[in-house]
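Written out below as structure tokens is the structure these notes cover.
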Amino acid sequence: MKHAVLLFVTLFTMVSCTRPATPDKKFVEITGVDFSLKPGDNFYKYANGKWYDSVTIPASQAGVGAYMFMNYPQRMRLQGILDSVSRGQHQEGSIEQKVGDFYAAGMDTATINKRGFEPIKPTLSTIEAIRDVPSLMDFVANQMKVDNGFIMAFGVGPDDKNSNMNIAHASQTGLGLPDRDYYFKTDESTVAIQNAYKKYLSTLFQLTGSNQVEAKKDADIVYDIDKQLAASHRTRVERRDVIANYNMMAVKDLDKTQPNIGWARFLENLGAETDSIDIGQPAYYVKLNDLLKSIPINHWKLYLRANAIAGYSANLSQPFVDAAFDFSKVLSGQAVQKSRGEIMASAVDNYLGEALGQLYVKKYFPESAKKRMLDLVNNVQKAYAVRIDNLDWMSASTKQKAKEKLFAMTKKIGYPDKWKDYSNVRIGRDSYFENLVSASAAGYQRELAKLGKPVDHSEWFTTPSTVTAYNNPSANEIVFPAGILQSPYFDNDADDALNYGGIGMVIGHEITHTFDDQGAQYDKDGNVKNWWTKDDYAQFKSRIQQVIDQYSTFTVLDGLHVKGDMTVGENTADIAGIAVAYDAFKMTKEGQDSTKVGNFTPDQRFFLSIARIWKVKMKDEFLRLWINNNPHSPPIWRVNGPLMNTTPFYKAFDVKAEDKMYLPKEKRITIW
């Protein structure tokens, strides 16, 4: 039940005027530009500077602006829906009843506080009764059925080499800190996070009955187990290796080499009928098998106890919520806790997301927006095909395969054609904790039912209201939920310059993930299979290395560097995404015009729109968390980095050799 949700605030205000920019399109004024700066020195600050210098990060947030931070105003929209639906009378079992009662139960903090940690006492008693490794593994399997993974990470999804069939997968897990590196770094900010985590563990032990001395000692034991597990983890860069993360293993062989885990018994307890499983990071399970024997069982019980309490802490009484927040604010810099309404809007979206999504799209997403968005996607896709044809480094045979893959791509827009069924989720108006468990158990059974079955290509992996977009390489699909189809990314009534610079760049970005360092290893059917000539792939890899090298020179926060090798896929997608969106824009009537709109040319409006969709201000703590864990570059380099490589940008804003963003033409990176 460990759902990490980031909730955030709005981007910028766009003003509607009466004078149309193009026929049937409203004029959207671009505000907040800092004309005292040269666009060629720092375009991100030029476009967003006045906003950045004047905006205040709300105390309950880690940042403000666009991108993920737009999920804060989304939660306000959802909260409005939930406030309304929770007050009504609805048919038992209807989506309105389920989401309304779930929300109402979570808003009843008096009852939640009165219960304290009583809801998890049965779980803690079960942990206390563990006497050996087999009973420990039985407990882990039973908890996984309600979304508590502990030391095992099991899932069901497509086979990388047979993408139409769902198989069992396992991956590395077991850590309380965001990543393995947090256990081994010794810089001041990381040590502060380590100490905050230990204090958090100690507090949880104290809240459930331990004295202060005992709690600190037990927290140190848990942290030591964490650190031993972390030593076996692959780094984020290593996990970008698609081939290395595919390791199909027979369960009977695993039982021989890892008897302490007992894979056959574990999978049987899960209800997972399979004779093989894909182990993403085998070294983790080799290490876990050894540690299950070398670490005393009483120490493992402390580890399980700590993780059980931590996994539920945000859903227990206020002291547990406070403890979780005290730890999280060291990571994120968020000053005060979010409102209960915002927390519950997020919780309903997590647990009943497609039920709530049906109410959201009915209110906020018209069919006309879906139609225009599909037109945009199709136009960017056509422009991509032209770019492939014009590549000077790729052979004709590989170009043909690339275009076959491009046009085999599935496009999902707005919301699913088939909604998830929540009929087996039991929701009571006075039983918040039990609601969570029921929703989690139903989610697990939904996943388990897919094992050994053909892939359902209609399935979505985000909720309709989330401000995001994604590429799923195993299905060769791109997905744009209704949540992102709003200003500044998309405005159904605005001119093409803003939409192609906004959502058009995002479309180009997601298409490019089909052809980034990872996506390029999947064929048009979503299988990991080579479709390149040897020479073409070598050329491709050399260009990918250019992206790594260039972005590794970019800095934030007093010399903290962007991790070029960790962010290479997203950076590649940003560079190509802008290039192809610009090409698609130039195919429109406005793109072929030079008439100024609101004192900016169409090309200038296009590039300003790009800068505004990544307009973000965040706490330094959150920026450090971002740099260390997020595969995307920080927002400033999602703008300045790709634009340094975009020749039309130089012309649009008269960028000269003496400007700080200037790169000689031969050093500008072009991949797609």
Side-chain angles (χ1 to χ4, degrees), residues 158 160 163 240-243 245 376-412 469-480 503-551 564-584 631-633 638 641-642 645-646 668-672:
D160 270 354
S163 62
R240 293 197 63 79
D241 188 333
V242 172
I243 302 300
N245 285 324
L376 280 159
V377 174
N378 289 338
N379 290 342
V380 174
Q381 188 180 40
K382 291 171 187 174
Y384 219 112
V386 174
R387 291 190 71 84
I388 291 172
D389 281 333
N390 291 335
L391 292 175
D392 60 5
W393 59 269
M394 183 181 284
S395 68
S397 61
T398 306
K399 286 180 181 180
Q400 182 59 34
K401 293 285 181 64
K403 287 193 294 182
E404 288 174 4
K405 186 178 183 186
L406 174 69
F407 286 112
M409 188 178 292
T410 299
K411 309 152 200 173
K412 295 179 177 178
Y470 68 87
N471 179 301
N472 179 7
S474 65
N476 191 20
E477 66 181 9
I478 50 176
V479 184
F480 305 95
I503 200 65
M505 184 268 189
V506 177
I507 296 166
H509 173 102
E510 296 306 335
I511 291 176
T512 301
H513 277 312
T514 296
F515 304 109
D516 69 10
D517 62 309
Q518 292 180 309
Q521 298 180 61
Y522 292 80
D523 68 9
K524 67 182 180 65
D525 299 315
N527 296 309
V528 175
K529 183 179 179 181
N530 181 51
W531 48 273
W532 298 75
T533 68
K534 183 177 179 181
D535 288 345
D536 287 344
Y537 196 66
Q539 287 273 7
F540 171 70
K541 292 290 285 183
S542 72
R543 283 163 170 76
I544 290 292
Q545 188 61 49
Q546 290 174 17
V547 177
I548 293 173
D549 294 343
Q550 184 185 92
Y551 276 75
D565 48 0
M566 186 178 84
T567 58
V568 60
E570 302 297 338
N571 299 333
T572 300
D574 283 346
I575 293 170
I578 288 175
V580 71
Y582 180 80
D583 286 357
H632 304 83
S633 290
R638 299 203 69 178
N645 297 288
T646 305
R668 297 172 201 167
I669 300 170
T670 300
I671 301 180
W672 294 99

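This structure is a prediction, so every number in the text was calculated from the model and none was measured.
For G641 against Q550, the heavy-atom pair with the smallest separation is O-OE1, 4.1 Å. Counting all heavy atoms, side chain and backbone alike, S163 lies closest to S474 at CB-O, 3.3 Å. The two residues K405 and F515 have their closest heavy-atom pair at CD-CE2, 4.0 Å. Closest of all the heavy-atom pairs between I548 and D565 is CG2-N, 3.8 Å. Across A576 and W672, no two heavy atoms sit closer than the pair CB-CB, 4.1 Å. Across all non-hydrogen atoms, the minimal contact from S395 to D536 is OG-OD2, 2.5 Å.
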If you apply the rule salt bridge (Lys or Arg N to Asp or Glu O under 4.0 Å), what do you find for K401 with D523, and how did you get there? CA-CA 9 Å; K401 293 285 181 64; D523 68 9; over 6 Å; no
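At distances below 3.5 Å, at least one donor-acceptor pair connects side-chain atoms of K399 with backbone N or O atoms of L391. Side-chain atoms of N530 come within 3.5 Å of backbone atoms of W532 as a donor-acceptor pair (strictly under, hydrogens ignored). Although no hydrogens or angles enter the test, the distance criterion places a donor-acceptor pair under 3.5 Å between the side chain of E510 and the main chain of N471.
Between E477 and K412, at least one side-chain nitrogen of the basic residue sits less than 4.0 Å from a carboxylate oxygen of the acidic one, meeting the salt-bridge criterion. Taking 4.0 Å as the cut-off between side-chain N and carboxylate O, R240 and D517 count as a salt-bridged pair.
A parallel orientation is assigned to the rings of W393 and F540, their planes being inclined by less than 30° (bins at 30° and 60°).
Annotation: cation-pi geometry not satisfied between K529 and Y522 (NZ/CZ under 6.0 angstrom from ring centroid, within 45° of ring axis).
Side-chain atoms of T567 and H632, non-hydrogen and from C-beta on, never get closer than 4.5 Å to each other. Side chains of W531 and Q400 form no contact here, defined as non-hydrogen atoms less than 4.5 Å apart.
A donor-acceptor pair shorter than 3.5 Å can be found between the side chains of Q545 and D549. Side chain to side chain, Y537 and T398 fail the donor-acceptor criterion of an N or O pair below 3.5 Å. When only modelled atom types and interatomic distance are considered, D516 and T572 share no side-chain donor-acceptor pair under 3.5 Å. Side-chain contact annotation: Q518 with D241, donor-acceptor N/O pair under 3.5 Å absent.
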